[in-house]
Protein chains: 2
Amino acid sequence: MRQPAGRSARRSGGERKPREERWAELIEVATQVFYEKGYDGASLQDIADRLGMLKGSLYYYIQSKEDLLFDVISAVHKEGLAVVRSRSEVPGGPLERLESVIRGHVEHTCRNLVPTAVFLHELSALPVERRKEILGSEHAYQGVFRDLVEQGQAAGLVRADLDPRLAALSILGSTNWVYRWFRPGGTFTPEQIGAEMAEMAIRGIATEETLQDRASR
Amino acid sequence: MRQPAGRSARRSGGERKPREERWAELIEVATQVFYEKGYDGASLQDIADRLGMLKGSLYYYIQSKEDLLFDVISAVHKEGLAVVRSRSEVPGGPLERLESVIRGHVEHTCRNLVPTAVFLHELSALPVERRKEILGSEHAYQGVFRDLVEQGQAAGLVRADLDPRLAALSILGSTNWVYRWFRPGGTFTPEQIGAEMAEMAIRGIATEETLQDRASR
DNA sequence: CTGTGACTGTCGACCGTTTGGTAGGCTTTT
DNA sequence: AAAAGCCTACCAAACGGTCGACAGTCACAG
């Protein structure tokens with residue numbers, strides 16, 4: 001437990017804040033700590049320390065450590081999915097929509113690096129039921145990508161011999177991997193990454209004719 | 001600790017095996033347990049239980065829990081890197097080599113799902129120094145892919161406006177993501193996945209002329 | 001063929017620390 | 001005076017790790 005100084009240190013920091021404000025801080029700090037140490041490697045002590053409160057006090061806000069991870073993850077997931085879903089309904093053909101989805105997804109990942117990393121990396125620390133509660137029984141993200149690929153095939157824009165599930169997983173792989181190497185202020189901007197990845201993805205699945213049409217525009 | 005029955009149960013399983021054999025078992029079991037529970041989530045007790053021995057006995061083989069993870073990870077990594085490196089020197093042009101690398105990488109991942117997953121997922125549980133000891137100071141995998149892309153550009157086969165690092169990361173992303181969804185006996189075979197991913201990747205980075213040449217072959 | 005001693009692999013009990021979690025009381029705000 | 005926010009003090013369990021004891025195995029001497 002190791003309280004800094006059980007004896008002499010009376011109510012040291014102990015700032016009192018309204019519930020909502022503290023809750024926001026809690027989520028933020030927990031996200032950061034889970035990011036740095038992983039869910040199992042992080043202790044409630046770590047989180048409490050950084051908030052300037054005692055471990056026991058956390059239970060005024062949460063019911064369990066697991067709940068905390070759940071809240072962190074489900075928040076990012078909801079947000080990310082909203083971005084992707086809205087982009088998938090943008091005006092234009094399937095390929096324009098796919099491009100928009102990829103760019104949006106990548107940019108959102110880069111701008112929310114820490115929460116996204118926790119989502120992608122620590123989801124497996126949740127028990128299956130709670131995982132499903134977040135993802136839906138069918139993987140939602142995957143579905144958006146796959147649908148767009150299928151629409152592209154229906155319109156003759158995407159190679160017909162391609163398995164749409166595989167294509168979706170491939171694209172999702174390259175975009176989801178971004179959280180492993182992107183660093184803000186690094187060589188690339190989120191927009192650059194999004195744009196180039198979208199371009200590669202679309203060229204990867206398009207028919208030759210589609211590519212020529214796009215080139216001559 | 002909870003020994004099954006400290007009193008009555010004399011040497012229960014306690015099979016005695018030669019060092020090498022046990023070591024192999026240990027690595028295998030540890031890999032599996034790390035896969036299922038994650039490094040921090042797994043306890044030496046879990047591993048010992050599955051080996052039919054006591055926790056303390058593990059220290060006849062290892063110096064620390066961390067060493068165990070290190071050994072598990074560095075083994076897969078060495079193997080995987082060897083596959084990729086050898087494939088990168090296959091006869092043919094840069095694109096043929098890239099295709100071979102991607103196929104080899106994906107197939108190796110699928111056929112060594114569990115160790116690969118531990119490598120990709122738990123590497124971050126190692127302290128930085130030991131991580132570098134495995135990866136080399138420059139990320140080796142990434143280098144192989146990037147080099148091939150650059151060679152492709154030099155030969156005019158790959159779009160010149162593409163950043164080779166970004167292209168490498170994109171390809172590596174889609175292939176490394178495979179460990180998250182592939183299941184043996186599922187819809188796709190490793191060969192299928194490797195082939196389709198290679199095709200998508202190459203089309204994604206190639207110039208229009210290259211694609212037409214390939215199509216007319 | 002037997003006796004002996006060194007070695008090897010495992011046990012069993014233990015240590016100090018940390019963990020997630022609980023309960024009741026104190027203080028500040030409303 | 002009630003409610004909200006946080007602290008103190010505690011718990012049982014689990015963790016990684018240590019260490020002396022000891023049984024089974026094997027090589028070799030007699």
Side-chain angles (χ1 to χ4, degrees), chain A residues 1-26 29-30 33-34 37-72 122 125-127, chain B residues 1-27 29-30 33-34 37-71 122 125-127:
Chain A
M1 225 112 301
R2 204 77 307 162
Q3 237 53 55
R7 200 66 48 193
S8 67
R10 48 189 71 264
R11 23 188 52 273
S12 52
E15 300 170 74
R16 231 179 142 76
K17 297 194 181 174
R19 177 148 210 164
E20 262 188 284
E21 192 175 339
R22 266 289 195 236
W23 172 253
E25 282 185 15
L26 212 200
V29 166
V33 172
F34 288 157
K37 312 198 171 190
Y39 173 71
D40 280 307
S43 75
L44 294 176
Q45 192 69 58
D46 293 330
I47 295 173
D49 283 353
R50 248 182 252 200
L51 281 168
M53 50 164 66
L54 295 196
K55 192 182 48 156
S57 310
L58 291 178
Y59 284 83
Y60 177 68
Y61 296 94
I62 61 171
Q63 276 76 53
S64 69
K65 188 188 179 188
E66 191 189 296
D67 282 357
L68 201 47
L69 180 62
F70 182 85
D71 287 334
V72 166
E122 306 299 336
L126 286 175
Chain B
M1 225 109 304
R2 203 77 307 160
Q3 236 53 58
R7 200 65 47 192
S8 67
R10 48 187 72 264
R11 21 187 54 273
S12 53
E15 298 171 77
R16 229 184 144 75
K17 298 195 180 174
R19 177 148 208 161
E20 265 188 281
E21 192 175 338
R22 266 290 194 233
W23 173 254
E25 282 185 16
L26 176 53
I27 291 292
V29 167
V33 173
F34 288 156
K37 310 198 172 193
Y39 173 70
D40 281 307
S43 76
L44 293 176
Q45 191 69 57
D46 293 331
I47 295 172
D49 284 352
R50 247 182 253 201
L51 282 168
M53 50 163 67
L54 294 196
K55 192 183 49 157
S57 310
L58 292 178
Y59 284 82
Y60 179 69
Y61 297 94
I62 61 172
Q63 276 75 52
S64 69
K65 189 188 178 188
E66 192 190 295
D67 282 357
L68 200 48
L69 180 61
F70 182 84
D71 288 334
E122 306 299 336
L126 285 175

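No hydrogens, no waters, no symmetry mates; every other heavy atom, side chains included, goes into these values. Throughout, a chain's letter reflects where its sequence line sits, starting with A, and its residues are numbered from 1. Keep in mind that this is a model prediction, so the values were computed, not measured.
- When rounded to the nearest whole Å, the span between CG of Asp67(A) and C1' of dG21(C) equals 13 Å.
- One atom, CE of Met53(B), and another, P of dG9(C), lie 10 Å apart when rounded to the nearest Å.
- A close approach under 4.0 Å does occur between a side-chain nitrogen or oxygen of Ser43(B) and OP1 or OP2 of dC15(D).
- Phosphate proximity of dC6(D) to Arg22(A): present, with a side-chain N or O under 4.0 Å from OP1 or OP2.
- For the pair Leu51(B) CG and dC11(C) C1', the interatomic distance rounds to 15 Å; values are reported in whole Å.
- Spacing between atom CD of Gln45(A) and atom P of dG21(C) amounts to 14 Å, rounded to whole angstrom units.
- Listed for the Asp71(B) side chain is no donor-acceptor partner under 3.5 Å among the backbone atoms of Leu68(B).
- Residues forming a salt bridge (charged side-chain N to carboxylate O under 4.0 Å, His left out) with Arg50(A) (at least two apart in sequence, or on another chain): Glu36(A).
- With sequence neighbours excluded, the residues forming a side chain to side chain donor-acceptor pair (under 3.5 Å) with Glu25(A) are Lys17(A), Arg22(A), listed by chain and number.
- Pairs passing the ring-ring contact (aromatic ring centres under 6.0 Å, His included) check and including a residue from residues 37-63 of chain B, sequence neighbours excluded, read Phe34(B)-Tyr39(B).
- Across dG21(C), dC6(D), dG9(C), the shortest atom-to-atom separation from the side chain of Ser57(A) is found for dC6(D).
- If you check every strand for non-hydrogen atoms under 4.0 Å, Ala48(A) touches nothing.
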Review item, nucleotides 5-8 of chain C N/O atoms under 3.5 Å of protein N/O:
unit_1: dT8(C); atom_1: O2; unit_2: Arg16(B); atom_2: NH2; d: 2.1

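- Spacing between atom CG of Leu54(B) and atom C1' of dG20(D) amounts to 15 Å, rounded to whole angstrom units.
- With sequence neighbours excluded, no residue satisfies side chain to side chain donor-acceptor pair (under 3.5 Å) with Ser57(B).
- The residue among Glu20(B) and Gly56(A) whose nearest nucleotide of DNA chain C is located toward the 5' end is Glu20(B).
- Rounded to an integer number of Å, the gap from Leu44(A) CG to dC11(D) P is 20 Å.
- Listed pair Tyr59(B) / dG9(C) fails the phosphate criterion, with no side-chain N or O lying under 4.0 Å from OP1 or OP2.
- Between the CG atom of Asp40(B) and the P atom of dT19(C) there is a distance of 11 Å, given to the nearest Å.
- Listed for the Lys65(B) side chain is a donor-acceptor partner under 3.5 Å among the backbone atoms of Ala42(B).
- In terms of polar N and O atoms assigned as donor or acceptor, the side chain of Lys65(A) never comes within less than 3.5 Å of the base of dG21(C) in a complementary pairing.
- Partners of Asp40(B) under the side chain to side chain donor-acceptor pair (under 3.5 Å) rule, at least two apart in sequence or in another chain, do not exist in this structure.
- With rounding to whole Å, Leu58(B) atom CG is found 12 Å from dC11(C) atom C1'.
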